[in-house]
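One-based numbering along the sequence shown. Computed from a predicted model, the values in this text were never measured in an experiment.
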Amino acid sequence: MDHLTRRPRRNRKSEVIRNMVQENHVAVHDLIFPVFMMEGTNLAVEIASMPGIYRYSPDRLLEEIAQCVDLGIKTFAPFPQIDESKKDRFASESKNPEGLYLRTIAEIKRNFPDVVLMTDVAMDPYSSDGHDGIVDNGEILNDATLEVLGQMALAQAQAGADIIGPSDMMDGRVAHIRQVLDSHAFTNVSIMSYTAKYASGFYGPFRDALGSAPKHGDKKTYQMNPANSREALIEAELDIAEGADFLMVKPALAYLDVIKLLKDNTNLPVAAYNISGEYAMVKAAAQNGWLDGEKIMLEVLLSMKRAGADIILTYFAKEFAQYMKK
């Protein structure tokens, strides 16, 4: 055998050395925890397709956030389950300051002023059509929807949102929201744009959690084609020019190449949304004894960091924080 000058295994020979040369790390402060709220009192209802994840009434959500803060989680992305009776084609309930979402956001900020809240700007939780835009004769109206999104973002900022998360994929929404926020003196409220949000099959459990699936048709005219990656650079260029503070890729696991593409070609922080279907797959396999759920959780999150994500929205956030406390 020829003399081996380079032996990469030397840097793997002990845990101390492996830790010393590890290239990527996931920390609790990298994570945003999506949480679900529902009307009522003293309610915590587990979502069947997302084991370990619950819809909480506002009082129980405050308790959940307190537990998470003790674990080191400081950023949350709340989503509301809205009663069907309060939905209409213009998502009017999204601007109701006494409604579930805005009322609860304000309550969270009163109780946890140092917590960062990233709110969701999209019509589908409040829409009788289940779409992210106004529907007219089967068509999703882009520019008319921007007016709704702008008012929704303003209402969320007034309630105490720190970061606005437009998840609708309408053209021009970042610029419109930025203009509305700035004109009402909310210049310090950030925008994390869902820059590359794909028309994915991984959203099923989330739509179950909110009851927000489209009543007809699909979202392919506004969400991106899973076959495309270069198109994400067009979306990123527009979002940057329009005033976004963060860029996001959603889903994450099947789109690690897109995360890397944005990281390599832009200078804004890049977020990855480790979504409901990705979480559900791991949990289902773990419950069946096919995989070690904890090991897979760590590997999944690390893969997103390795691809270039600075921030990860994940339903594993609390479980990961508990693991780090061991």
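The structure places CD of Gln322 at 12.5 Å from CZ of Phe316, a figure rounded to the nearest 0.5 Å. Note that CD of Gln81 is 12.0 Å distant from OG of Ser57, once rounded to the nearest 0.5 Å. Here the straight-line distance linking atom CZ of Arg103 with atom CG of Leu100 works out to 5.5 Å at 0.5 Å rounding. Rounded to the nearest 0.5 Å, atoms CG (Asn267) and NZ (Lys263) are 8.5 Å apart. Distance CD1/Ile311 to CG/Leu247: 9.5 Å, rounded to 0.5 Å. One finds the CZ atom of Phe33 at 6.5 Å from the NZ atom of Lys318 (value rounded to the nearest 0.5 Å).
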### Task
Run the numbers on Ile140 and His131 for side-chain contact (heavy atoms from CB on, under 4.5 Å), then give the verdict.
CA-CA 8 Å; Ile140 311 300; His131 275 282; 3.7 Å; yes
### Query
Taking it one step at a time, do Val121 and Ile177 satisfy side-chain contact (heavy atoms from CB on, under 4.5 Å)?
CA-CA 10 Å; Val121 172; Ile177 290 170; 4.1 Å; yes
### Task
Using the side-chain contact (heavy atoms from CB on, under 4.5 Å) rule, take Asp124 and Lys219 through it: C-alpha gap first, then chi angles, then the decisive distance, then the call.
CA-CA 11 Å; Asp124 56 335; Lys219 300 191 176 187; 3.1 Å; yes
### Full working for side-chain contact (heavy atoms from CB on, under 4.5 Å) between Met224 and Glu235
CA-CA 10 Å; Met224 286 179 57; Glu235 293 284 1; 4.0 Å; yes
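Looking only at atom types and distance, the side chain of Tyr222 has a donor-acceptor partner in the side chain of Asp132 under 3.5 Å away. Checked by atom type, the side-chain pair Thr195/Asp239 shows a donor-acceptor distance below 3.5 Å. A donor atom on one side chain and an acceptor atom on the other are not found under 3.5 Å apart for Arg18 and Asn11.
Using cut-offs of 30° and 60° on the angle between ring planes, the pair Phe206 and Phe79 is perpendicular.
With sequence neighbours excluded, no residue satisfies ring-ring contact (aromatic ring centres under 6.0 Å, His included) with Tyr273. Not a single side-chain hydrogen bond (donor to acceptor under 3.5 Å, both in side chains) links Asn288 to another residue, sequence neighbours left out.
Hydrophobic cluster membership is shared by Tyr194 and Phe36, with clusters built from Ile, Leu, Val, Met, Phe, Trp and Tyr side chains linked at under 4.5 angstrom. In terms of hydrophobic clustering, with Ile, Leu, Val, Met, Phe, Trp and Tyr side chains grouped at heavy-atom distances under 4.5 Å, Phe246 and Ile32 are assigned to a common cluster. By the criterion of side-chain heavy atoms lying less than 4.5 angstrom apart, applied directly or through intervening Ile, Leu, Val, Met, Phe, Trp or Tyr residues, Leu71 is not grouped with Phe112; the two fall into different hydrophobic clusters. A continuous path of Ile, Leu, Val, Met, Phe, Trp and Tyr side chains, each step under 4.5 Å between heavy atoms, connects Leu302 with Met304, placing both in one hydrophobic cluster. Criterion: ILVMFWY side-chain heavy atoms under 4.5 Å apart, direct or through other members. Under it, Ile47 and Val45 are not part of a common hydrophobic cluster.
Between the side chain of Asp136 and the backbone N or O of Glu139 there is no donor-acceptor pair closer than 3.5 Å. Side chain of Asn228 to main chain of Glu231: no donor-acceptor pair is present (N/O by atom type, distance under 3.5 Å, no hydrogens or angles). Here the side chain of Ser127 pairs no donor or acceptor atom with the backbone of Met123 at under 3.5 angstrom. The backbone N or O of Pro78 lies less than 3.5 Å from a partner atom in the side chain of Tyr101, making a donor-acceptor pair. A distance-only check finds no donor-acceptor pair linking the side chain of Asp245 to the backbone of Met192 [under 3.5 Å].
Looking at heavy atoms from C-beta onward, Leu61 lies in side-chain contact with Thr104 at the 4.5 angstrom threshold. You'll find the side chain of Pro58 stays beyond 4.5 Å of the side chain of Met37, heavy atoms only. When side chains are defined from C-beta on, Glu63 does not count as touching Tyr56, because their heavy atoms never get closer than 4.5 Å. With contacts defined as side-chain heavy-atom distances shorter than 4.5 Å, the pair Thr75/Val115 does not qualify. Counting only heavy atoms from C-beta outward, the side chains of Leu238 and Val174 never approach each other to under 4.5 Å. Side-chain contact between Lys250 and Tyr203 is present, with heavy atoms from C-beta onward closer than 4.5 Å. Side chains of Ser229 and Asp257 form a contact here, defined as non-hydrogen atoms less than 4.5 Å apart. Using a 4.5 Å heavy-atom cutoff, the side chains of Leu262 and Leu233 are in contact.
For an aromatic pair to be called close, the ring centres must be under 6.0 Å apart, and Tyr198 with Tyr255 satisfies this.
Residues Glu84 and Lys87 are paired through a salt bridge, judged by an N-O separation under 4.0 Å between the basic side chain and the carboxylate. Salt-bridge check for Arg55 with Glu46: failed, with every basic side-chain N at 4.0 Å or more from each acidic carboxylate O. With salt bridges taken as basic N to acidic carboxylate O contacts below 4.0 Å, one links Asp30 and Lys305. We find that Lys86 and Glu39 are joined by a salt bridge, their nearest charged nitrogen and carboxylate oxygen being less than 4.0 Å apart. Classification of Lys283 and Glu319 as a salt-bridged pair holds, one side-chain N sitting under 4.0 Å from a carboxylate O.
Shown here for Val26 and Leu31, the closest heavy-atom pair between the two residues is CG1-CD2, 4.1 Å. When all heavy atoms are compared, the tightest approach of Asn19 to His25 is O-NE2, 4.3 Å. Residues Arg60 and Ala44 approach most closely at NH2-CB, 3.6 Å, considering heavy atoms. Across every non-hydrogen atom of Glu278 and Ala252, the tightest pair is OE2-N, 3.0 Å. Among all heavy-atom pairs drawn from Ala236 and Thr266, the shortest one is CB-CG2, 4.2 Å. Across all non-hydrogen atoms, the minimal contact from Ile259 to Ala272 is CD1-CB, 3.6 Å.
Within a 6.0 Å radius of CG in Asn188, other residues, nucleotides and ligands contribute 12 heavy atoms or fewer. Other residues, nucleotides and ligands contribute over 12 non-hydrogen atoms within 6.0 Å of the NZ atom of Lys95. The environment of Glu237 atom CD is sparse: at most 12 non-hydrogen atoms of other residues, nucleotides or ligands sit within 6.0 angstrom. For CD of Glu15, the number of neighbouring non-hydrogen atoms (other residues, nucleotides, ligands) closer than 6.0 Å is 12 at most.
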Please list, one pair per line, the donor and acceptor atoms closer than 3.5 Å that link side chains of residues 144-169 to other protein atoms, with sequence neighbours excluded.
residue	atom	partner	partner atom	Å
Thr145	OG1	Ile134	N	2.9
Thr145	OG1	Leu141	O	2.4
Gln156	OE1	Thr119	OG1	2.7
Gln156	NE2	Asp120	O	2.8
Asp162	OD1	Lys109	NZ	3.3
Asp162	OD2	Lys109	NZ	2.9
Asp162	OD2	Leu117	N	2.8
Ser167	OG	Asp120	OD1	2.6
Asp168	OD1	Arg173	NE	3.4
Asp168	OD2	Met170	N	2.7

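In this structure, Lys326 fails the cation-pi test against Phe320, since its NZ or CZ atom is not both closer than 6.0 Å to the six-membered ring centre and inside 45 degrees of the ring normal.
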